[in-house]
Amino acid sequence: DGGITQSPKYLFRKEGQNVTLSCEQNLNHDAMYWYRQDPGQGLRLIYYSQIVNDFQKGDIAEGYSVSREKKESFPLTVTSAQKNPTAFYLCASSIRDRVDQPQHFGDGTRLSIL
Amino acid sequence: GQQLNQSPQSMFIQEGEDVSMNCTSSSIFNTWLWYKQDPGEGPVLLIALYKAGELTSNGRLTAQFGITRKDSFLNISASIPSDVGIYFCAGQRVQGAQKLVFGQGTRLTINP
């Protein structure tokens with residue numbers, strides 16, 4: 001089945017540690033996105049990528065980094081510079097430049113601080 | 001970054017009742033989307049709206065794209081227990097980049 005796979009489901013980070021969240025899609029989508037969700041709030045855009053080897057900052061990019069070396073993969077690194085990393089992280093993908101093809105989401109990774 | 005104003009924040013209803021929620025914005029959007037999120041999972045797309053004034057149904061769900069392009073509503077008729085969850089509206093303004101702006105969500109609880 002085609003879809004978006006995020007791993008791990010749960011992740012724990014120690015103070016001062018970088019961690020990387022995985023997002024893989026087999027939908028052949030060009031565009032991929034990372035969102036952060038805090039309790040009682042909607043999703044906020046961290047980074048997005050419309051094509052391999054290119055990505056742009058979203059609204060809350062500070063303390064995060066991404067790479068897009070392959071079309072199907074868009075990993076997110078939460079760096080030690082992100083002082084409040086505890087949140088639910090969601091990855092999405094879509095067909096590029098098609099407003100009638102909305103974003104579809106993975107099942108998320110919950111990150112907590114030890 | 002901007003977030004849409006979604007209301008109500010939470011609803012407690014009896015099974016079988018109809019539900020209505022809405023989103024408003026100070027900015028114009030080209031597309032309105034409605035998603036449902038179950039605990040510990042990612043949002044699932046319910047309805048997508050692409051034209052101002054458009055009224056679209058998906059089973060017991062009906063959504064409308066406001067004429068001013070600054071608002072949208074979602075109605076659920078004859079609610080059932082599996083409707084429980086958090087509903088999010090999302091607006092898309094920029095063609096191509098397809099960046100979405102989300103509402104804060106409406107948490108729906110149903111008493112059997």
Side-chain angles (χ1 to χ4, degrees), chain A residues 3-10 21 23 25 27 29-51 54-62 87-112, chain B residues 1-10 21 23-25 27-52 54 56 58 63 65 69 72 85-107:
Chain A
I4 302 170
T5 301
Q6 290 187 241
S7 62
K9 184 75 172 176
Y10 300 94
L21 284 60
C23 179
Q25 53 97 2
L27 301 168
H29 286 170
D30 285 306
M32 297 186 73
Y33 313 81
W34 273 106
Y35 293 89
R36 170 181 172 135
Q37 185 177 27
D38 293 287
Q41 295 191 34
L43 284 65
R44 292 182 291 167
L45 184 64
I46 305 173
Y47 268 97
Y48 65 101
S49 168
Q50 293 186 272
I51 199 167
D54 186 51
F55 49 83
Q56 284 77 42
K57 293 181 179 179
D59 298 320
I60 55 166
E62 186 174 351
F88 192 47
Y89 291 86
L90 287 157
C91 177
S93 71
S94 68
I95 295 175
R96 184 187 173 196
D97 294 340
R98 288 285 302 274
V99 293
D100 62 337
Q101 298 294 323
Q103 295 177 27
H104 295 272
F105 288 83
D107 280 339
T109 292
R110 187 166 299 281
L111 176 62
S112 302
Chain B
Q2 178 193 8
Q3 285 200 315
L4 302 175
N5 296 315
Q6 184 172 350
S7 65
Q9 287 189 329
S10 60
M21 59 191 79
C23 271
T24 61
S25 170
S27 307
I28 289 174
F29 286 98
N30 296 326
T31 300
W32 283 91
L33 306 169
W34 285 92
Y35 289 87
K36 177 177 183 272
Q37 186 178 30
D38 292 324
E41 299 183 11
V44 174
L45 182 68
L46 299 174
I47 291 181
L49 302 158
Y50 302 109
K51 290 174 57 177
E54 179 181 359
T56 298
N58 178 9
F65 190 146
R69 294 164 65 193
S72 176
I86 303 177
Y87 292 80
F88 289 99
C89 61
Q92 178 181 316
R93 184 181 302 115
V94 179
Q95 206 157 343
Q98 294 172 268
K99 296 197 301 182
L100 294 180
V101 178
F102 282 83
Q104 303 97 320
T106 295
R107 181 181 295 274

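A, B, ... follow the sequence lines: proteins, then strands. Residue 1 opens every chain.
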Verdict with reasoning, L45(A) to F102(B), per side chain to side chain contact (heavy atoms under 4.5 Å, CB included): CA-CA 9 Å; L45(A) 184 64; F102(B) 282 83; over 6 Å; no

Contact check, side chains of Y35(A) and L100(B), non-hydrogen atoms, under 4.5 Å: yes

Enclosure of Q9(B) CD (heavy-atom neighbours >12, cutoff 6.0 Å): no

Least distance between heavy atoms, P102(A) atom then Y50(B) atom: CD-OH, 3.4 Å

Residues, nucleotides or ligands: over 12 heavy atoms within 6.0 Å of R107(B) CZ: no

Check: K99(B) side chain, Y48(A) main-chain N or O, donor-acceptor pair, under 3.5 Å: no

Residue part contacting chain B, namely of I51(A), when any heavy atom lies under 4.5 Å: neither

Side-chain touch Y35(B)/Q103(A), heavy atoms, less than 4.5 angstrom: yes

Shortest non-hydrogen separation from L43(A) to P43(B) and the atoms involved: CD2-CG, 4.3 Å

Region of Q37(A) that comes under 4.5 Å of a non-hydrogen atom in chain B: side chain

Side-chain touch L90(A)/Q37(B), heavy atoms, less than 4.5 angstrom: yes

